[in-house]
Structure formats: C-alpha cells, structure tokens
Amino acid sequence: LKRVAVIMAGGSGERFWPLSRADRPKQLLRLSSPTATMLEEAVERITPLCGAGGVYISTSAKLAPHIITAAVVPEAQVLAEPLKRNTLGALVWSVAALLAEGNAPETSVAILTADHRIAPPAAFRACVEDALAVAETEGGLVTIGIRPDRPETGYGYIEADLSARRGAGYVARSFREKPDLETAKTFLAAGSFLWNSGMFFFTLGDFGTALAETQPEARLVLDEIVIALKAGNHNVAKWHFEGLKNE
C-alpha cells in the first residue's frame, strides 16, 4: 500500500510582513526553529512515514522557483499549480499530477500544512497514520481536528458525531466557519467541536469520487488535466485548470 504526503506551501507572504515577502512567505522562514525553516520542519516531520521519495510540496508558480532553490525536496516533487485557485485548485492540481505520474487510485495521500508548529513529531506521525488508515479502510475524506482549550474565534471548527465511530475517528457532522466569541463559547461547552487543522487524508480514487459527487465540473477538469499531463502537454493542462472556480 503506497502512501504519499503533499505539503501545502503557497501563500502571499503577507501574514508575517515585513519578515515575510511575496517571494519568501512564512514557511520559508525560521520561525519555530533556529536552524530549520517551517517548510524544512514539515518535510522532516513526515519523511519517516512516507520516505523521501513520497513527500511532495504543493505551491504556486510564483513561489516554485524559491521552493526549488531551497532544495527541501527534489525538483520533480514540487507541484506548482499554474495560477491561483485556492485550496480546491491546489488539491485538484496535486491529485492530477500524482495520477499522471502513474500512482494508482488506491494510493493514499496526506495533505499537510507547511506553516504549523507541531510537536512532538512522533505523536503527529501516529495521528497521521490513524487518519490514513481510516481513509484506506472506510473511504471518503478524513481530516484531523484539534481539541480546543479556549473559545477561539480565529479558527474554523469541525462538529464531530461522537456516537458514530469510523476506525480511530468519528463522522463529521458539520464544518463551521470562524465564529464570533459567544458562538465559540457554545462550541467549547458542547465538547463535540474541534479546531479544523486544514489537513486532509484520502485515496486518489476517493478524492475523484467525492469531487464527482460534490463538484462534477471540477471532476471533469481533474480528468482532463491528468490526460494532458500524461501527454506532456502542460499548456493544455493549464488551460483546463483556468476553468476551475477560484474558491
């Protein structure tokens, strides 16, 4: 069973300005370690689980040269979406690139972040293994929730159905956008709401199935990009990608 990781490393370099810049977003800064950038930490954290050849970086065309120069992974493992289409676009382009590379639909994928401080690494890998196992055995899309310790208004939330187990996880009842303070307090009191980590786990085949069910037009775009990339026609792939909604 093959497992790969895709680390999301886009961004516009505005969050930590003036330290960060458009060509040097926060994941290329040493913010949580004196010796490693956040992107280097993210790669080091997951490599023991997927192997060096199984770690990819998803980024923008603008940032790709800087990511490649940083040499955190080989250039062939930098997946640069041709233009900005936000999270959905990044996932569609990454999945298409992995399928075009010859990965089977059964290949499972961990979509991870490049700008989170996560410790200890071994505990994180154990959590990722659990999430991948749920994706592989139960199907569908899996995410990691973080148990909140305060009524935070800056994060999105996942409402878990604690009566519905799926392997090591639970069924997600709903996803909630960043709440106001009073709503965040009710979330905390309920005990079934978790901070949304923004990490996702699925098999390549199940991602396509979920896309067909929820956004059939995007699924058609995915299929066309795979065909174009397999043929080595990046311009045609880009043309199809431009048809995705920016959401």
Side-chain angles (χ1 to χ4, degrees), residues 1-8 10 46 49-50 54-58 77 79 81-82 85-113 127-145 156-161 163-177 194 196-231 233 236-247:
L1 189 64
K2 185 176 181 181
R3 291 173 167 178
V4 301
V6 177
I7 299 171
M8 308 289 279
I46 200 62
L49 188 60
C50 298
V55 180
Y56 296 78
I57 296 174
S58 169
Q77 288 160 231
L79 309 177
E81 56 180 324
R85 285 296 182 267
N86 285 325
T87 303
L88 176 62
L91 293 179
V92 166
W93 187 264
S94 295
V95 168
L98 290 170
L99 287 168
E101 207 177 83
N103 287 286
E106 295 78 25
T107 299
S108 52
V109 185
I111 303 292
L112 307 176
T113 55
C127 187
V128 169
E129 280 200 278
D130 284 344
L132 286 171
V134 173
E136 291 157 358
T137 58
E138 301 290 337
L141 310 184
V142 180
T143 187
I144 290 176
Y157 286 73
I158 305 165
E159 182 185 11
D161 185 346
S163 65
R165 291 297 299 260
R166 292 292 186 274
Y170 299 91
V171 171
R173 180 176 285 163
S174 68
F175 291 84
R176 306 293 185 90
E177 292 299 327
L194 306 168
N196 191 345
S197 70
M199 303 185 200
F200 305 97
F201 308 85
F202 47 76
T203 66
L204 293 173
D206 283 340
F207 179 84
T209 299
L211 206 58
E213 292 172 352
T214 59
Q215 299 208 37
E217 291 180 4
R219 170 58 196 267
L220 293 175
V221 171
L222 170 67
D223 292 342
E224 293 292 349
I225 293 173
V226 172
I227 293 169
L229 290 179
K230 278 186 175 179
N233 199 329
V236 171
K238 179 181 177 181
W239 183 83
H240 285 293
F241 187 74
E242 287 175 351
L244 278 179
K245 294 177 182 177
N246 191 17
E247 57 186 14

Heavy-atom closest pair, residues [X] and [Y]:
X      : Y      : result
Thr143 : Phe175 : CG2-CE2, 4.2 Å
Glu81  : Ala90  : OE1-N, 3.5 Å
Gln77  : Gly54  : NE2-N, 4.5 Å
Val55  : Cys50  : CG2-CB, 4.3 Å
Ala96  : Val226 : CA-CG2, 3.7 Å
Pro105 : Thr203 : O-CB, 3.5 Å

Min side-chain heavy-atom separation [X]-[Y] under 4.5 Å:
X      : Y      : value
Val109 : Phe200 : no
Val6   : Leu98  : yes
Leu91  : Leu211 : no
Tyr170 : Asp161 : no
Trp93  : Val221 : no

Atom pair [atom1] ([X]) and [atom2] ([Y]), whose distance is rounded to the nearest 0.5 Å:
X      : Y      : atom1 : atom2 : answer
Ile225 : Phe241 : CD1   : CZ    : 6.0 Å
Asn196 : Ile158 : CG    : CD1   : 4.0 Å
Lys2   : Glu106 : NZ    : CD    : 12.0 Å
Leu99  : Leu204 : CG    : CG    : 4.5 Å
Arg3   : Ile46  : CZ    : CD1   : 10.0 Å
Leu220 : Gln215 : CG    : CD    : 11.5 Å

* Mind jotting down which residue pairs meet the salt bridge (charged side-chain N to carboxylate O under 4.0 Å, His left out) criterion with at least one end in residues 199-221? Sequence neighbours excluded, please. =>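 Matches after skipping sequence neighbours: Arg219-Asp223.
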* Can you tell me if Thr107 uses its side chain to pair, donor with acceptor, with the backbone of Ala104 under 3.5 Å? ->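 Yes; judged by distance alone, with no hydrogens or angles, the pair exists.
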* Asked: Is there a donor-acceptor pair under 3.5 Å between the side chain of Ser197 and the backbone N or O of Gly145?
  ->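 Side chain of Ser197 to backbone of Gly145, a donor-acceptor pair under 3.5 Å: no, none is there.
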In residues 127-134, what donor-acceptor pairs under 3.5 Å come from side-chain atoms, sequence neighbours left out?
none

